[in-house]
Asks: 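Okay, handing you the structure first.
For the numbers below, each heavy atom of this structure counts, side chains included, while hydrogens, waters and symmetry mates do not.
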Amino acid sequence: MMKSTEIRTLKQKYSVNKMEKSNNKYAGQWNRIMGILCRGLMGQQLSIQELANECEVSTKTISRDINVIKNFLANNSEQLDNIEIEYDKKSNKYNISMKGFLDNKEVFALVEILIGSRVLHKDDLDNIVNKLKKFTKGKDREMLGELVGKELLHYNSVKLDHREESVFNSDKTNSENYLIDNVWALTNAIHKRKEISINYYKMDGNKIERRIIPLSIMVNEYYFYLIAAKADDEEFSPRYFRVDRITEIIEHRATTRNINKYRFDEGALRSQIQFMWPGTLMNIAFEFTGPSVQAILDRIPTAQCTRDDKTGKNIITAEVYGDGIKMYLLSQGSWVKVLRPKRLVEEIKGEIEKMGCMYC
């Protein structure tokens with residue numbers, strides 16, 4: 001017969017083995033549930049039968065797992081921004097819907113805007129699009145890929161200036177994404193209100209150095225622009241620097257204490273500086289006889305249109321910064337007649353005369 005001590009030992013071993021099996025079973029169950037949840041969050045459709053086959057469990061077990069996920073999401077809806085698990089009758093599969101994030105049509109709109117802007121290098125664009133696609137449902141991800149696939153294949157970004165001398169080239173063998181790095185470095189300097197020095201290539205290719213106070217980042221016509229003020233300016237006058245022409249950024253310890261001196265309405269300034277050329281603020285007026293007044297109003301956000309009762313012509317008035325407006329008005333040909341200011345009228349007339357002489 002077995003001794004009492006041996007019996008106690010066997011009972012202890014049995015109890016330990018039973019506990020270990022229970023713990024392993026419990027751990028396996030939660031690993032499976034977390035795996036299903038992660039798949040759903042990545043946009044995959046969840047089939048009970050397919051999951052059961054893969055996990056080597058019954059369909060009832062997978063159904064219980066999905067109910068656990070449903071209850072967890074419902075009990076934590078506020079913290080998880082109303083994430084839900086939904087059943088699709090057509091596919092007989094479950095999807096996780098993230099109502100607080102972008103839906104598929106919004107992702108498609110964003111991708112089209114990014115492609116149309118041409119501001120990003122192709123590698124950067126591909127990377128961002130692939131990340132956005134992960135937030136779409138499986139079937140919609142495939143459709144999105146088909147819709148934008150050809151556009152991405154033939155995508156041509158604008159040619160950025162002086163890439164070979166980028167501030168980030170020393171850290172990367174392939175520095176195609178230096179533009180985004182530059183934008184982020186400048187954004188941090190703006191947030192910390194730091195003065196910076198930059199090496200910058202002007203349009204004519206000459207390299208200059210400037211100590212400036214960075215104020216804002218904007219995108220306009222294919223390029224990122226830094227809006228800044230010179231550190232020694234007595235009065236605020238916006239200066240524009242194309243970010244891809246900045247080859248070195250040095251952040252100084254000096255902080256802009258009197259930041260209110262450089263306060264400006266970014267929204268209003270964006271409306272006034274559509275052409276990113278230096279110059280003063282002007283109130284302009286011109287006649288427009290072209291086919292689409294709306295196209296003019298869209299291109300110049302501050303523009304307003306009135307109709308001359310005597311001539312029946314459209315009179316456009318607007319408030320704009322800089323001399324870039326001159327090139328735009330000239331591009332409209334005989335549809336435009338500038339009325340004021342007088343300086344702009346004379347400059348337009350002089351430019352037209354020069355153009356005429358070229359064809360004599």
Side-chain angles (χ1 to χ4, degrees), residues 109 112-119 151 154-161 201-206 218-227 237-245 264-360:
E112 285 296 311
I113 291 170
L114 289 173
I115 292 173
S117 73
R118 296 181 60 209
V119 71
E151 290 185 84
H154 298 288
Y155 175 79
N156 287 306
S157 64
V158 294
K159 306 303 179 186
L160 304 180
D161 284 355
Y201 277 94
K202 297 173 68 176
M203 190 184 303
D204 58 10
N206 289 325
M218 289 187 181
V219 174
N220 186 284
E221 289 192 333
Y222 316 124
Y223 305 110
F224 282 98
Y225 285 90
L226 168 66
I227 299 177
S237 176
R239 298 171 185 269
Y240 320 119
F241 301 91
R242 257 179 56 181
V243 174
D244 60 294
R245 291 179 179 166
F264 64 99
D265 187 330
E266 292 184 30
L269 186 62
R270 182 184 290 274
S271 298
Q272 296 165 343
I273 58 170
Q274 285 293 300
F275 306 98
M276 290 296 175
W277 273 73
T280 57
L281 186 64
M282 290 189 295
N283 288 294
I284 65 171
F286 57 91
E287 290 180 359
F288 181 72
T289 56
S292 177
V293 173
Q294 189 59 49
I296 298 291
L297 298 179
D298 290 340
R299 188 64 184 87
I300 309 174
T302 60
Q304 293 182 333
C305 179
T306 56
R307 197 167 185 83
D308 191 314
D309 294 333
K310 294 181 181 180
T311 63
K313 295 178 180 179
N314 295 309
I315 306 298
I316 309 292
T317 58
E319 191 175 49
V320 295
Y321 257 114
D323 298 328
I325 186 66
K326 182 168 66 175
M327 290 187 293
Y328 176 70
L329 294 176
L330 285 168
S331 74
Q332 300 302 308
S334 60
W335 290 339
V336 163
K337 178 183 177 181
V338 179
L339 303 177
R340 62 175 186 268
K342 185 176 181 180
R343 177 180 69 83
L344 182 60
V345 172
E346 295 303 319
E347 288 179 357
I348 292 285
K349 288 171 62 177
E351 197 66 32
I352 292 172
E353 289 175 2
K354 291 178 184 177
M355 293 168 65
C357 290
M358 293 175 65
Y359 295 94
C360 293

Asks: Closest approach of C305 and V293, non-hydrogen atoms and distance?
Replies: SG-CG1, 3.8 Å
Asks: Is any side-chain heavy atom of R343 closer than 4.5 Å to a side-chain heavy atom of M282?
Replies: yes
Asks: Between R245 and Y201, is NZ or CZ placed under 6.0 angstrom from the six-membered ring centre and within 45° of the ring axis?
Replies: no
Asks: Salt-bridged, K342 to E346, with N to O below 4.0 Å?
Replies: no
Asks: Starting at OH of Y222, measure out to CG of D244 and round the result to the nearest 0.5 Å.
Replies: 14.5 Å
Asks: Any chance you could lay out the salt bridge (Lys or Arg N to Asp or Glu O under 4.0 Å) test for E221 and R299, step after step, and finish with the verdict?
Replies: CA-CA 11 Å; E221 289 192 333; R299 188 64 184 87; 2.3 Å; yes
Asks: Between CE of M327 and CD1 of I348, what distance do you get to the nearest 0.5 Å?
Replies: 10.5 Å
Asks: Rounded to the nearest 0.5 Å, what's the gap from CG on L226 to OH on Y240? Could you check?
Replies: 11.5 Å
Asks: Apply side-chain contact (heavy atoms from CB on, under 4.5 Å) to V338 and K349, showing your working.
Replies: CA-CA 9 Å; V338 179; K349 288 171 62 177; over 6 Å; no
Asks: Side chains of I325 and I300: does their closest heavy-atom pair fall under 4.5 Å?
Replies: yes
Asks: For a quick test of reading the model, state the closest non-hydrogen atom pair linking E319 to T302 and the distance between them.
Replies: O-OG1, 2.8 Å
Asks: Between V158 and Y223, which heavy-atom pair has the shortest distance, and what is it?
Replies: CG2-CE2, 3.9 Å
Asks: For the residue pair L330 and E351, what are the closest heavy atoms and their distance?
Replies: CD1-CG, 3.4 Å
Asks: Considering non-hydrogen atoms only, spot the tightest contact between A303 and A318 and give its length.
Replies: CA-CB, 3.8 Å
Asks: Atom CD1 of I115 and atom CG of N156: how far apart are they, to the nearest 0.5 Å?
Replies: 12.0 Å
Asks: From the options I315, I316, I284, V345, select the one residue that forms a side-chain contact (heavy atoms from CB on, under 4.5 Å) with L339.
Replies: I315
Asks: Measuring from atom CD1 of I296 to atom CG of L329, what distance do you get when rounded to the nearest 0.5 angstrom?
Replies: 7.5 Å
Asks: Distance check, rounded to the nearest 0.5 Å: K313 atom NZ versus D308 atom CG?
Replies: 8.5 Å
Asks: A side-chain contact here means heavy atoms from C-beta on lying under 4.5 Å apart; do R242 and M203 qualify?
Replies: no
